[in-house]
Every structure is written in C-alpha cells, then in structure tokens.
Peer 1: 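I am attaching a structure below and will ask some questions about it afterwards.
Bear in mind the structure is a predicted one, so any value in this text is a computation, not a measurement.
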Amino acid sequence: MRLFDLHCDTLYECYTKGQPLLKNPFQLDLTRGLRYRDGWAQIFAVWMPDTLRGREAYEECRNTLRFAWNQAAQCSGQMAIVRTAAEIRDVVDTRRCAAILSIEGGSALGGRLEPLAEFAGYGVKAINITWNGENELGCGSGSGKRDGLTPFGKQAVREMERLGILPDVSHLNKRGFWDVMGCTRGPVIASHSLSAAVHPHHRNLDDDQFRALMERGGLVGLSLCGEHLGEQSFDRLERHLDHYLSLGGERTIAFGCDLDGTDLPPEWEGIAVMERLHEWLQRKNYEESFLDRLFFGNSYDFFTAL
C-alpha cells in the first residue's frame with residue numbers, strides 16, 4: 001500500500017528531545033515509515049506551543065526547520081524534503097520518504113509578515129493559523145473566544161497565499177475558519193480534523209465547513225486522536241469517514257494521523273497501524289481504488305497539482 005499523511009509532530013519531538021528522524025522511540029521514524037515501499041509522503045509539522053510568542057516563537061520555528069534540513073542531509077537515502085510537484089514525484093518513485101514541511105501555529109511569525117518568505121524558502125507548504133489558543137493571527141478552537149482573524153491575521157493569510165503556502169484551518173475556531181475562506185481564493189486544507197456531526201468536539205468540522213473546503217478543492221485529513229474521534233477505534237474512525245463520504249467527499253478526504261501529537265493504544269504501534277487499518281477497511285469491502293485515494297492518491301494529486 002501507499003501512504004500520504006498530512007500531519008505528524010515527530011519533527012518537533014525529535015528536535016526537542018535530541019532524537020534522529022531515522023530511528024527513534026516515538027510513533028514514527030523513517031525506518032518504520034519506509035515499510036510503505038510503494039510510496040510514502042509525509043508532512044512534518046513544526047509544532048508551536050501556545051506558551052511561545054514573539055522572537056522566541058520565531059527562533060524556535062526557524063531552528064526546527066534547520067534541524068529538518070540537517071536530518072534530510074544525513075538521511076538522503078531514506079528521505080528528501082520536497083518543494084515542487086516534480087520533486088514529490090521523483091522522491092516517491094525512488095522509494096524514499098517525500099517529506100513536506102508545515103508549521104502548526106502562526107505564532108511562528110512572531111507578529112511579523114517578513115518570516116513568511118523565509119519559511120517559504122525552507123520549503124514550508126502549509127501553516128496552521130493557530131494551535132488551540134489565541135495568537136497574533138486569531139483564535140484557536142480551544143481559546144474560548146469567538147473572535148476570528150485579527151487584521152494582522154488576514155494580512156498573513158493573504159501573504160501566505162501569494163507565496164504558495166496553504167492556509168491550514170485545523171485548530172482554528174469557526175469565525176476564524178470563515179475569515180480564512182473569505183481572505184483566500186485558492187484551496188485551503190484541514191490537515192487533521194474529524195467530523196463534528198459524528199462527535200461534537202470543538203476541534204472537529206461541521207458539515208458546512210467540510211462542504212466549503214470540498215468546494216474549494218481542499219483536503220481534510222482524518223486524525224487518529226481519541227478525544228476527537230469520540231472513541232479510539234477503527235469502528236469510530238469509519239463513522240467519521242462514512243459521514244464525510246455522505247457529503248460527497250470521496251476526493252477530499254485523506255489522512256492526517258497526528259502521530260506523535262496524540263496518544264495511541266500501544267498495540268497500534270505508531271505508523272504501523274495504517275497498514276492494519278487499510279487491511280481492516282479492505283475487509284469492510286471498500287473498493288481498492290477508493291482506499292488508494294484515501295491513503296495516498298487524493299493528497300498526492302492535490303500536492304502535485306499545486
């Protein structure tokens with residue numbers, strides 16, 4: 001099988017705990033991920049804790065991005081950071097991890113627009129506007145506030161789109177979500193967001209939000225987070241999947257597992273669980289062509305068309 005995952009926090013874990021991407025004690029590493037030899041693309045997020053702001057947040061993000069490039073240089077036989085469609089195709093075809101960089105939290109800008117061009121130069125392809133709390137760009141879904149994007153946040157989202165950086169609305173509150181949709185014309189993604197109709201958690205998308213992303217040609221990644229699923233099981237994940245399918249999302253849904261960003265049952269064994277989930281869905285009689293789109297093709301087609 002092939003796997004294209006829209007979100008993990010492994011890069012941050014490795015950077016802060018002094019572990020390599022090649023082999024580590026976390027939920028994902030290159031050694032285990034390359035079990036998906038038919039094709040593996042992985043978005044590695046630079047997580048920005050809500051405790052970091054200003055210059056400190058910017059420097060933490062920049063240093064983590066530098067760490068990613070150092071790791072790629074050390075592991076060139078296993079991965080390459082990709083910035084273009086041609087690079088994605090080439091790295092996948094050569095049976096290496098096509099690593100795409102993202103930032104989970106607009107606080108990384110330190111309240112300035114200038115870092116966006118620098119981050120684009122590092123290969124960042126998507127930025128979550130917020131994490132759970134409030135930052136200079138707007139309010140996260142866990143902030144308890146109804147305010148949307150700030151004037152600076154709207155400027156930042158427009159500049160992101162100009163630079164070819166995708167706005168990622170996972171973690172953003174509803175008002176902020178609709179502000180992003182109003183500030184942009186191109187595709188928007190929700191890298192790791194489940195359905196509020198299945199489980200009404202503040203991190204999940206309602207049907208109108210999902211339809212808006214679908215109509216814009218975006219992507220929505222199914223997460224493995226038990227708190228957002230409502231119950232951490234394959235059965236519950238299938239309910240979220242089937243609800244998105246009922247809205248017409250066959251070519252919109254993907255996976256954004258949130259590995260190393262959420263607790264998993266030990267028996268799932270991190271990234272190895274995706275192979276088991278694929279086999280489980282096969283036994284549930286989902287068509288093989290659809291499963292390939294869900295686990296890989298929808299995201300691959302999206303990123304190679306940018």
Peer 1: Got N70 and Y15 here, is their nearest side-chain heavy-atom distance under 4.5 Å?
Peer 2: no
Peer 1: Find the distance between CD1 (I271) and CG (D29) and round it off to the nearest 0.5 Å.
Peer 2: 8.5 Å
Peer 1: Taking the side chain as everything from C-beta on, heavy atoms only, tell me whether H240 gets closer than 4.5 Å to N204.
Peer 2: yes
Peer 1: Might you confirm whether atom CD of E287 has over 12 heavy atoms from other residues, nucleotides or ligands at distances under 6.0 Å?
Peer 2: no
Peer 1: Check the angle between the aromatic planes of F234 and W268 and answer parallel, tilted or perpendicular using the 30° and 60° thresholds.
Peer 2: tilted
Peer 1: Measure from the side-chain N and O atoms of S299 to the backbone N and O of F296, and report whether any donor-acceptor pair falls under 3.5 Å.
Peer 2: no
Peer 1: Picking from L21, L22, T64, what satisfies side chain to side chain contact (heavy atoms under 4.5 Å, CB included) with C14?
Peer 2: L21
Peer 1: Does R216 have more than 12 heavy atoms from other residues, nucleotides or ligands lying within 6.0 Å of its CZ?
Peer 2: yes
Peer 1: Could you grab the distance from atom OH of Y58 to atom CZ of R112, nearest 0.5 Å is fine?
Peer 2: 6.0 Å
Peer 1: For residues L137 and A156, report the shortest heavy-atom separation together with the two atoms involved.
Peer 2: CD2-CB, 3.9 Å
Peer 1: So K125 and S102, do their side chains get closer than 4.5 Å, heavy atoms only?
Peer 2: no
Peer 1: Determine whether I43 and L163 fall in the same hydrophobic cluster, where Ile, Leu, Val, Met, Phe, Trp and Tyr are linked whenever their side-chain heavy atoms lie under 4.5 Å apart.
Peer 2: no
Peer 1: Mind listing the closest non-hydrogen atom pair of G133 and D50 along with its distance?
Peer 2: N-OD2, 2.7 Å
Peer 1: Might you point out which heavy atoms bring V157 and C183 nearest each other, and give the distance in Å?
Peer 2: CG1-CB, 4.1 Å
Peer 1: With a 4.5 Å cut-off on side-chain heavy atoms, are F290 and L281 touching?
Peer 2: no
Peer 1: Would the distance check show the side chain of H199 and the main-chain N or O of H201 forming a donor-acceptor pair, the cut-off being under 3.5 Å?
Peer 2: no
Peer 1: Is there a donor-acceptor pair closer than 3.5 Å between any side-chain N or O of D260 and the backbone N or O of Q27?
Peer 2: yes
Peer 1: Could you go step by step and tell me if I103 and C61 meet the side-chain contact (heavy atoms from CB on, under 4.5 Å) rule?
Peer 2: CA-CA 8 Å; I103 297 171; C61 182; 3.5 Å; yes
Peer 1: Whether the side chain of R236 engages the backbone of L229 through a donor-acceptor N/O pair (distance < 3.5 Å, no angle test) should be reported.
Peer 2: yes
Peer 1: Check the pair Y36, Q42 against side chain to side chain donor-acceptor pair (under 3.5 Å), reporting the backbone distance first and the verdict last.
Peer 2: CA-CA 11 Å; Y36 304 108; Q42 179 67 54; over 6 Å; no
Peer 1: Do M48 and Y12 have side chains that get closer than 4.5 Å, going by heavy atoms?
Peer 2: no
Peer 1: Taking the side chain as every heavy atom from C-beta outward, state whether L194 and L205 have any pair of such atoms under 4.5 Å apart.
Peer 2: no
Peer 1: Counting neighbours of CG on D263 that are heavy atoms of other residues, nucleotides or ligands and sit closer than 6.0 Å, is the number greater than 12?
Peer 2: no
Peer 1: With clusters defined by side-chain heavy atoms of hydrophobic residues (ILVMFWY) lying less than 4.5 Å apart, directly or transitively, does L3 cluster with L101?
Peer 2: yes
Peer 1: Any link between L213 and L306 through a network of hydrophobic side chains (Ile, Leu, Val, Met, Phe, Trp, Tyr) touching at under 4.5 Å?
Peer 2: no
Peer 1: State, to 0.1 Å, how close R96 and A80 come at their nearest heavy-atom pair, and which atoms those are.
Peer 2: NH1-CB, 3.8 Å
Peer 1: Run R239 and D242 through salt bridge (charged side-chain N to carboxylate O under 4.0 Å, His left out) and show every step you take.
Peer 2: CA-CA 5 Å; R239 287 184 58 189; D242 284 348; over 6 Å; no
Peer 1: Using side-chain contact (heavy atoms from CB on, under 4.5 Å), reason through F44 and C97 one step at a time and then give a plain yes or no.
Peer 2: CA-CA 11 Å; F44 289 93; C97 173; 4.1 Å; yes
Peer 1: Spell out, as yes or no, whether a donor-acceptor pair under 3.5 Å connects the side chain of R83 to the backbone of G123.
Peer 2: no
Peer 1: Is it true that R158 and E161 make a salt bridge, defined as a side-chain N closer than 4.0 Å to a carboxylate O?
Peer 2: no
Peer 1: How long is the straight-line distance from CG of L237 back to SG of C225, given to the nearest 0.5 Å?
Peer 2: 11.5 Å
Peer 1: Keeping D206 on the side-chain end and A196 on the backbone end, is there a donor-acceptor pair under 3.5 Å?
Peer 2: no
Peer 1: Do the side chains of L34 and F26 join up, straight or via other hydrophobic residues, at under 4.5 Å, putting them in one cluster?
Peer 2: no
Peer 1: Any side-chain heavy atom of P20 within less than 4.5 Å of one from Q71?
Peer 2: yes
Peer 1: Applying side-chain contact (heavy atoms from CB on, under 4.5 Å) to L245 and E238, what does each step give before you reach the verdict?
Peer 2: CA-CA 10 Å; L245 287 174; E238 185 187 19; over 6 Å; no
Peer 1: Indicate if I165 and L6 have the same hydrophobic cluster label, given that clusters are the connected sets of ILVMFWY residues with side-chain heavy-atom separations under 4.5 angstrom.
Peer 2: no
Peer 1: For atom CZ of R251, decide whether the heavy atoms of other residues, nucleotides or ligands shown that lie under 6.0 angstrom number more than 12.
Peer 2: no
Peer 1: Determine, step by step, whether C257 and M274 satisfy the side-chain contact (heavy atoms from CB on, under 4.5 Å) criterion, reporting the C-alpha distance in whole Å, the side-chain angles of both residues, the deciding distance to 0.1 Å, and the verdict.
Peer 2: CA-CA 9 Å; C257 299; M274 299 307 291; 3.4 Å; yes
Peer 1: F4 and F303: aromatic ring centres closer than 6.0 Å?
Peer 2: yes
Peer 1: Between D301 and T304, is there a donor-acceptor pair closer than 3.5 Å when you use the side chain of the first and the backbone of the second?
Peer 2: no
Peer 1: Hey, which of W40, F255, Y300, Y286 is the one that makes ring-ring contact (aromatic ring centres under 6.0 Å, His included) with F295?
Peer 2: F255
Peer 1: Roughly how far, to the nearest 0.5 Å, is the CG atom of L247 from the OH atom of Y244?
Peer 2: 8.5 Å
Peer 1: Salt bridge between R211 and E215, side-chain N to carboxylate O under 4.0 Å?
Peer 2: no
Peer 1: D38 side chain to R2 main-chain N or O, any donor-acceptor pair under 3.5 Å?
Peer 2: no
Peer 1: Is the backbone of L224 close enough, under 3.5 Å, to the side chain of Q232 for a donor and an acceptor to pair up by distance?
Peer 2: yes
Peer 1: Is there a donor-acceptor pair under 3.5 Å between the side chain of S223 and the backbone N or O of D258?
Peer 2: no
Peer 1: Output the distance between atom CG (D179) and atom CG (N173), rounded to the nearest 0.5 Å.
Peer 2: 8.5 Å
Peer 1: Is the shortest heavy-atom distance from the side chain of D168 to the side chain of E104 under 4.5 Å?
Peer 2: no
Peer 1: Using the rule side chain to side chain contact (heavy atoms under 4.5 Å, CB included), only one of L116, V124, L166 pairs with M160; which is it?
Peer 2: L116
Peer 1: For the residue pair G217 and F302, what are the closest heavy atoms and their distance?
Peer 2: O-CE1, 3.2 Å
Peer 1: Roughly how far, to the nearest 0.5 Å, is the NE2 atom of H171 from the CD1 atom of I129?
Peer 2: 12.0 Å
Peer 1: Between C139 and K145, which heavy-atom pair has the shortest distance, and what is it?
Peer 2: SG-CB, 3.9 Å
Peer 1: Looking at E118 and R62, is there a salt bridge between them, counting it only when a charged N and a carboxylate O are closer than 4.0 Å?
Peer 2: no
Peer 1: Between R276 and E279, is a salt bridge (charged side-chain N to carboxylate O under 4.0 Å, His left out) present by the stated rule, with each step listed?
Peer 2: CA-CA 5 Å; R276 299 173 195 171; E279 292 170 354; over 6 Å; no
